[in-house]
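Some notes on the structure that comes next.
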Amino acid sequence: DYLVKGAFDGHLLLRFLLYAIERNKLQLELAKRRQEKNNTDEIQSLDRLSGAPRASITSQMLGKTSLRNENSEIFDNFTTIYSEILDVAVQQRIYKADNNVQELLHSLAEKLGFLKSGPRDIVEIHSEALKMKIQGMNMGKVQLYMEESRLTLLELMGNLVSYYRNYFIMYRKTT
């Protein structure tokens, strides 16, 4: 909307201002709803990725079940540790501090690798920790955690791949 110079009075100006304020509120609410939907879609996508594999019977026959099904207490412990790592990563991003996120992720990857955890286990831990973190947060913090958690997940996956690569190299040297 626009006002023509000299062609309006105080009531018209007030009405235009109220309309502009209301329109801005609606635009902000729409943006918030879109962001909430995107976050929900991302978490649902993570849940689908971490769900039971299509060949779960084969996995069970080979002795490979999900960490959550195998030992829920250890799974919950890893979820708590990963949740704390997310906090440290977000603090590092906000305050530009030199935290030890890489070292924490490397240590977590070694523990997960020792238990022969796979990508589904990591995505499941990531998804649960993220759900715990963003529950009840404002949208700004939720967005920050969502963005930082993607990078943290990739780094954890990379550390786990490195762990298995080193394990395989050492295994081949001994045989």
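All heavy atoms count here, side chains included; hydrogens, waters and symmetry mates do not.
- In this structure a side-chain-to-backbone donor-acceptor pair under 3.5 Å is missing from Ser83 to Thr79.
- Enclosure of atom CZ in Arg33 is not indicated, since only 12 or fewer non-hydrogen atoms of other residues, nucleotides or ligands lie within 6.0 angstrom.
- Thr152 places a side-chain N or O within donor-acceptor distance of the main-chain N or O of Glu148, the cut-off being under 3.5 Å.
- Under a 3.5 Å cut-off, the side chain of Ser45 and the backbone N or O of Asp41 do not form any donor-acceptor pair.
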Derivation and outcome, side chain to side chain donor-acceptor pair (under 3.5 Å), residues Ser66 and Asn69: CA-CA 5 Å; Ser66 77; Asn69 294 339; 3.1 Å; yes
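- A donor-acceptor contact closer than 3.5 angstrom links the side chains of His106 and Glu110.
- When every heavy atom of Tyr82 is checked against every heavy atom of Leu153, the shortest pair comes out as OH-N, 3.4 Å.
- The backbone N or O of Leu67 sits less than 3.5 Å from a side-chain atom of Asp121, completing a donor-acceptor pair.
- Using modelled atom types, no side-chain atom of Asn100 and backbone atom of Glu103 make a donor-acceptor pair closer than 3.5 Å.
- Panel note: side chain Ser107, backbone Leu104; no donor-acceptor pair is recorded below 3.5 Å.
- Ion pairing between a basic and an acidic side chain is recognised when a charged N comes within 4.0 Å of a carboxylate O; Asp87 and Lys133 show such pairing.
- Side chain of Ser72 to main chain of Arg68: no donor-acceptor pair is present (N/O by atom type, distance under 3.5 Å, no hydrogens or angles).
- A side chain to side chain donor-acceptor pair (under 3.5 Å) with Asn39 holds for exactly one of Lys37, Glu42, Gln35, Glu36; it is Gln35.
- The shortest distance between side-chain heavy atoms of Phe75 and Glu128 falls below 4.5 Å.
- Side-chain contact check for Glu155 versus Asn159: some heavy-atom pair is nearer than 4.5 Å.
- Counted within 6.0 Å of CD on Glu29, heavy atoms from surrounding residues, nucleotides or ligands total more than 12; the atom is thus considered enclosed.
- At a threshold of 4.5 Å between side-chain heavy atoms, the hydrophobic network of Ile, Leu, Val, Met, Phe, Trp and Tyr places Ile21 and Leu13 in two separate groups.
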Residues Leu144, Arg93; criterion side-chain contact (heavy atoms from CB on, under 4.5 Å); working and verdict: CA-CA 9 Å; Leu144 182 62; Arg93 181 174 176 183; 3.7 Å; yes
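- Across all non-hydrogen atoms, the minimal contact from Ile85 to Leu105 is CG2-CD2, 3.7 Å.
- Here the closest non-hydrogen pair linking Leu12 and Asp9 is N-OD1, 2.9 Å.
- Contact detail for Ala129 and Leu86: the closest heavy-atom pair is CB-CD1, 4.4 Å.
- Using a 4.0 Å cut-off between charged side-chain N and carboxylate O, Arg120 and Glu124 make no salt bridge.
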